[in-house]
Each structure stands twice: as structure tokens, then as C-alpha cells.
Student: 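Starting off with a structure, shown below.
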Amino acid sequence: MTAPTKPSPGGPSDPAASGVPLHAPVIDWFDEHARDLPWRRPEAGAWGVMVSEFMLQQTPVSRVQPVYEQWLARWPRPADLAKEAPGEAVRAWGRLGYPRRALRLHGAAAAITERHGGDVPADHAQLLALPGIGEYTAAAVASFAYGQRHPVLDTNVRRVFARAVTGVQYPPNATTAAERKLARALLPDEEARAARWAAASMELGALVCTAKNESCHRCPIASRCAWRLAGKPAHDGPPRRGQTYAGTDRQVRGRLLAVLREATGPVPQAALDQVWQEPVQRARALDGLVADGLVEPLADGLYRLPLS
DNA sequence: AACCCGTGGGC
DNA sequence: TGCCCAAGGGT
């Protein structure tokens, strides 16, 4: 007896047996529904793409957009950012969150200026070697900026694959070898089409196949989605651990850095002391910021964003 | 592998 | 309101 909810593989009702590759309807959908984002315009260039990828790590598009515009206007090339003090990058980062990304972007700009003649490298391994660039971002820059063929596995794509192909509501907590294998298997052969597929599958996850309240009625592959065909079974595995925030060091760090960002000159310790009552945690948070290179301690209990 | 790292908006 | 989520990376 075969499972009633699952079509027999290769049989006439098997959605994958249609002969149409998964990417075809998704790319067609993307042609019509892609958002007009600044880093997708041709004039953004590889540097624009790279800046956007740093900013978009764990941060929604709506919050990135204005900061991105200001950033590119001020530092149109990597060398322009490289010659600034790192603290200026941290200040311009504003309230995007995870300010270490600003420091890494500054470091990446410096490395690009030194090692690659000021041009964002097109080589995946060279991208991966830059600070702040991991597996996802290296593939994303190589694909979006240079049209190369790489599996681009971000949280959106992983969710689309989990549902459409694997038939589960959510992907595993950490990217698995099976997911990488699947991503590679689904990649179109032709280079430009592979790059288009990467952007299209991400967009589908961002706009339609969202974490909550997915809109299957707008999905170009709903008719062949394994999760939907199985009746959308709820996620069963271990719950993803919630990220508590209130009362954590992260909150304290955020408050300390906010004071330093908004100050024009060095800030006395007494001013920083006012952002948090508990002295042990407060000191630990400040030490952490200094250790991370986000804050520079001066003599006489003064602090500032790093000049070097 | 598990944990750390910010911030704000939606429900 | 509190919880969940958002184009991850580094250790």
C-alpha cells in the first residue's frame, strides 16, 4: 500500500515527472515579480552587491535600503571606505544591528584595496577569504555580481527547498550536506540561468514562501510542492531556540555603542555608566566591545569609536 | 556543534 | 504583550 498523500515516483501524477525543471516556472515568476532593489540595478556594480549582502545578513530589506544608499554615495568604491577610520563605518552603520558587520566590511574593503587592486574579486575562493564573507555571501556576490554558477543557500532558499522538494515546513537549524547536494542538483546547467535561479528562488522565499503565512495561491510551483501536496504537515523536530534579548549582554552592548555612535568626540566613562545599572555586566559588555575592536579606550577613562 | 552577536516590525 | 522573524559569520 503506497502512502495516499504521496504520488508514486515517476508515475503520471508525479509533479517532478512533468519534464519541466523546477527553475523554469520560478524564473518566469521572477521575471514578472522581482522587486526593483537598488543593489539589483546594473549601476550597483560588484561593490554595491557586496555592501548589500553584508547589510542584509539577518536584517530586513526595508531597513537596509536607506543606509545602503547613503553608504554607496559616501563610499562609491572599496578604496574610499578603506581609507576611512573603521569607527566611521560603525557610525554610518547606524542601527542596522550586528555592528561587527560594519567592521568586517571595512576590513574587506581594505583587503580588496591591498590585494585585488581595489576591485571586488570575482573568484569564489578569494571572496571567501575576505572578512565577513562566508559560504553564502561568497556565492551570492559571485552569482549576483558576476553571473557565475553557484548554489546560493540562504534562509529563503533553504525554506523553499524544504517545502517544495523535501516536503517539510522548515529546513534544519544548520545547513546540512544533504541541502548542499540538493542545491547543486537543482542548479541549471547554463551559467547565466543558474545566477537567475539563485535570485529567483531567494525572492520566492522572501515574498511568497515565507516562514509564516505563506501564499501558496501566488506560488508558481504550488502544484508540485511536496509540502503542500502532503497537506502542509506542521514542523515536528526540536523547536528553534528563541533568541532572548532583554537583559542580555547584547542589549547592553547596543546601548553602549549607541552612545558612542552619536557622540562627536571621546565619551567619558560616566556617560557610559548611565546606560545600564548592573556594573558587572556593564563592564563585561564594554570589555567585549573593546575586544571586538568596536570601541577604543583612551587615557583618563575616555572611549570612542575606533580610529584604527 | 552550539553559542554569541543588534535591532525593529508584525502579529 | 511577548514571541517570532529577518539575503549569516566567526569562534
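The basis for the numbers below is simple: all heavy atoms, side chains too, and nothing from hydrogens, waters or symmetry mates. The chains referred to below are lettered A, B, ... by the order of the sequence lines, with proteins before strands, and numbering in each begins at 1. Just so it is clear, the model here is predicted, and its values are computed rather than measured.
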Student: Applying a 4.0 Å non-hydrogen cut-off, can you work out what A:F54 is touching in the nucleic acid: base, sugar-phosphate, or nothing?
Tutor: nothing

Student: For A:R261 and B:dG6, is the shortest distance between a side-chain N/O and OP1 or OP2 below 4.0 Å?
Tutor: no

Student: Between A:L128 and A:A211, name the one whose nearest nucleotide on DNA chain C is closer to the 5' end.
Tutor: A:A211

Student: What does A:S52 touch in the nucleic acid at a heavy-atom separation under 4.0 angstrom: a base, only the sugar-phosphate, or nothing?
Tutor: nothing

Student: Could you check whether A:T155 gets within reach of a base, just the sugar-phosphate, or nothing at all, counting any heavy atom under 4.0 Å?
Tutor: sugar-phosphate

Student: Determine whether the side chains of A:Q58 and A:Y98 contain a donor N or O and an acceptor N or O closer than 3.5 Å.
Tutor: no

Student: Does A:R159 pair with A:E214 as a salt bridge, N-O distance under 4.0 Å?
Tutor: no

Student: Checking only heavy atoms, does the side chain of A:R250 share a donor-acceptor pair with the base of B:dG6 at less than 3.5 Å?
Tutor: yes

Student: Which of these nucleotides, C:dA7, B:dT7, B:dG6, is closest to any side-chain atom of A:R101?
Tutor: B:dG6

Student: Below 4.0 angstrom from OP1 or OP2 of C:dA6, is there any side-chain N or O of A:R159?
Tutor: yes

Student: Heavy atoms only, 4.0 Å cut-off, all strands: where does A:E135 land among base, sugar-phosphate and nothing?
Tutor: sugar-phosphate

Student: Do the side-chain N or O atoms of A:R95 get closer than 4.0 angstrom to the phosphate oxygens (OP1, OP2) of B:dG8?
Tutor: yes

Student: Applying a 4.0 Å non-hydrogen cut-off, can you work out what A:W39 is touching in the nucleic acid: base, sugar-phosphate, or nothing?
Tutor: base

Student: Has A:Y98 got a side-chain N or O lying under 4.0 Å from the OP1 or OP2 atom of C:dG8?
Tutor: no

Student: Looking at C:dA7, C:dC5, C:dG9, which one has an atom nearest to any side-chain atom of A:R100?
Tutor: C:dG9

Student: Do the side chain of A:E53 and the main chain of A:V141 share a donor and acceptor less than 3.5 angstrom apart?
Tutor: no

Student: It should be established whether A:T59 places a side-chain nitrogen or oxygen under 4.0 Å from OP1 or OP2 of nucleotide B:dG8.
Tutor: no

Student: Have a look at A:D292 and say if it touches a base, only the backbone sugar-phosphate, or nothing, with a 4.0 Å heavy-atom cut-off.
Tutor: nothing

Student: A:R158 has an atom CZ; how far is it from atom C1' of C:dA6, in whole Å?
Tutor: 14 Å

Student: Taking the same atom, C1', in B:dA2 and in C:dA7, what whole-Å distance lies between them?
Tutor: 23 Å

Student: Look at the side chain of A:Y245 and decide which nucleotide, out of C:dG9, B:dT7, C:dC4, has an atom nearest to it.
Tutor: B:dT7

Student: Assess whether a salt bridge exists between A:E88 and A:R74, defined as any Lys/Arg side-chain N lying under 4.0 Å from an Asp/Glu carboxylate O.
Tutor: yes

Student: Where each residue is assigned the nucleotide of DNA chain C containing its nearest heavy atom, which of A:I133 and A:R40 is assigned the position nearer the 5′ end?
Tutor: A:R40

Student: In whole angstrom, give the distance that lies between atom CG of A:L96 and atom C1' of C:dC5.
Tutor: 16 Å

Student: Round to a whole Å and report the spacing from CZ of A:R63 to C1' of B:dG8.
Tutor: 5 Å

Student: Using only atom types and a distance under 3.5 Å, with no angle test, would you say the side chain of A:R261 pairs donor to acceptor with the backbone of A:G94?
Tutor: yes

Student: Measuring to OP1 and OP2 of C:dA7, would you say a side-chain N or O of A:Q57 lies under 4.0 angstrom away?
Tutor: no

Student: Which is more 5' along DNA chain B, the nucleotide nearest A:R104 or the one nearest A:P60? Just name the residue.
Tutor: A:R104

Student: Can A:D292 and A:R253 be counted as an ion pair, charged N to O under 4.0 angstrom?
Tutor: yes

Student: Is A:L37 touching bases, backbone alone, or none of the nucleic acid, heavy atoms closer than 4.0 Å?
Tutor: base

Student: Distance check needed: C:dG10 P versus A:L294 CG, whole Å only.
Tutor: 15 Å

Student: Base, sugar-phosphate, or nothing: which does A:G134 touch, judged by heavy atoms less than 4.0 Å apart?
Tutor: sugar-phosphate

